[in-house]
Number of protein chains: 2
Amino acid sequence: MLSKIKKQLHEANYKLTPQRESTVLVLLENEKDHLSAEEIYMLVKLKTPEIGLATVYRTLEMLTDLKILDKVSFNDGLARYDMRKEGAKHFHHHLLCLECGSIEEIEDDLLGEVEVIVEHDFHFKVKDHRLTFHGVCQKCQNK
Amino acid sequence: MLSKIKKQLHEANYKLTPQRESTVLVLLENEKDHLSAEEIYMLVKLKTPEIGLATVYRTLEMLTDLKILDKVSFNDGLARYDMRKEGAKHFHHHLLCLECGSIEEIEDDLLGEVEVIVEHDFHFKVKDHRLTFHGVCQKCQNK
DNA sequence: ATGCCTGCAAATGTTTTGCACGCCG
DNA sequence: CGGCGTGCAAAACATTTGCAGGCAT
């Protein structure tokens, strides 16, 4: 996992510095958590105290350019980052609970047929998608 | 259209001040355009020069609370606003062109079956959704 | 008078940028 | 030396908030 990313960086002529390695490790360890830049910064600082917030932002931008990361936004005014699943053809989907704010990821490919419709009816060449359902999660329904 | 919104404001105990009316008119006149707060402000200022940016933000927040508007984000770092279609059961979908940046709206209800699956398999009560396809629009494909 | 609504300016929070320094080939 | 990568501080944005005043009831 890490070694594959290392390879991708080298192929793009980036060095895997200690700061970048720590950042990637934090992202891998918290894959499900949709961390913000600030949250990532604080976690990285535990491993590698000599790091600045700007470096985290620069690393996140680089990883996004390399399509290792996806930048997502849930309308809470700040960017969050989400690891691309290896081998996944498409970006996964999210279930955002309007009551407790939790975000659940779902991997199923739900949009195969829908993409065919979009490509055919709207002559739009689909490369990727973002799908988030807003609703109430199971926990909150039981309350 | 405007009169219906006026009624909604009154029912929620808000006054339709000249600033608010201008803002709503700008939104109605540019329904397809996914304007940002700043863009809306500049357009409103042409009609009603005595208006401040803060008032536009406050009006947009109010309209969002009343579910007349939807706040959307296309990962470009600022919020955009989109009128809810009257009578539409669900939020419409977007086609974002990665080459020219244009955003096309599509109204078709593409997610009916998908929502059934989500509710059943993930025990998640769906209230709304956000779906954006990233790809290449017809114009850019022809280039 | 009371309370909603406003413009302006200041504050806030996030992200980007400028710059000088350090490190490695 | 030359250039990438860095930390820090400042700048740049987007958005929110505090406040004094205005207007309608």
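First the proteins, then the strands, lettered A, B, ... as listed; each starts at 1.
- Of the residues in residues 41-53 of chain B, those placing a heavy atom less than 4.0 Å from an atom of DNA chain C are Glu50(B), Ile51(B), Gly52(B), in numerical order.
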Table please: side-chain donor-acceptor pairs of residues 8-19 of chain B below 3.5 Å, with sequence neighbours left out.
{"unit_1": "His10(B)", "atom_1": "ND1", "unit_2": "Lys6(B)", "atom_2": "O", "d": "3.4"}
{"unit_1": "Thr17(B)", "atom_1": "OG1", "unit_2": "Arg20(B)", "atom_2": "N", "d": "3.2"}

Output a table of nitrogen or oxygen pairs between the protein and nucleotides 23-25 of chain C separated by less than 3.5 Å.
none

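- With sequence neighbours excluded, the residues forming a side chain to side chain contact (heavy atoms under 4.5 Å, CB included) with Met1(B) are Leu28(B), Glu86(B), listed by chain and number.
- For DNA chain D, the outermost nucleotides in 5' to 3' order that have an atom under 4.0 Å from a heavy atom of chain A are dG5(D) to dC8(D).
- Shown for residues 16-35 of chain A: residues whose heavy atoms fall under 4.0 angstrom of DNA chain D, namely Thr17(A), Gln19(A), Arg20(A).
- Not counting sequence neighbours, Glu99(A) has no partner by the salt bridge (charged side-chain N to carboxylate O under 4.0 Å, His left out) test.
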Under 3.5 Å donor-acceptor pairs involving side-chain atoms of residues 67-78 of chain B, not counting sequence neighbours:
{"unit_1": "Asp70(B)", "atom_1": "OD1", "unit_2": "Arg84(B)", "atom_2": "NE", "d": "3.4"}
{"unit_1": "Asp70(B)", "atom_1": "OD1", "unit_2": "Arg84(B)", "atom_2": "NH2", "d": "3.2"}
{"unit_1": "Asp70(B)", "atom_1": "OD1", "unit_2": "Arg130(B)", "atom_2": "NH2", "d": "3.2"}
{"unit_1": "Asp70(B)", "atom_1": "OD2", "unit_2": "Arg84(B)", "atom_2": "NE", "d": "2.8"}
{"unit_1": "Ser73(B)", "atom_1": "OG", "unit_2": "Ser73(A)", "atom_2": "OG", "d": "3.3"}
{"unit_1": "Ser73(B)", "atom_1": "OG", "unit_2": "Asn75(B)", "atom_2": "N", "d": "3.4"}
{"unit_1": "Asn75(B)", "atom_1": "ND2", "unit_2": "Lys71(A)", "atom_2": "O", "d": "2.9"}
{"unit_1": "Asp76(B)", "atom_1": "OD2", "unit_2": "Arg80(B)", "atom_2": "NE", "d": "3.2"}
{"unit_1": "Asp76(B)", "atom_1": "OD2", "unit_2": "Arg80(B)", "atom_2": "NH2", "d": "3.3"}

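- Partners of Lys139(B) according to the salt bridge (charged side-chain N to carboxylate O under 4.0 Å, His left out) rule, which considers only residues two or more places apart in sequence or in another chain, do not exist here.
- Partners of Glu31(A) under the salt bridge (charged side-chain N to carboxylate O under 4.0 Å, His left out) rule, at least two apart in sequence or in another chain, do not exist in this structure.
- Applying the salt bridge (charged side-chain N to carboxylate O under 4.0 Å, His left out) test to Glu119(B) and every residue at least two apart in sequence or in another chain returns Lys125(B).
- Scanning residues 64-74 of chain B for heavy-atom distances under 4.0 Å to DNA chain D yields an empty list.
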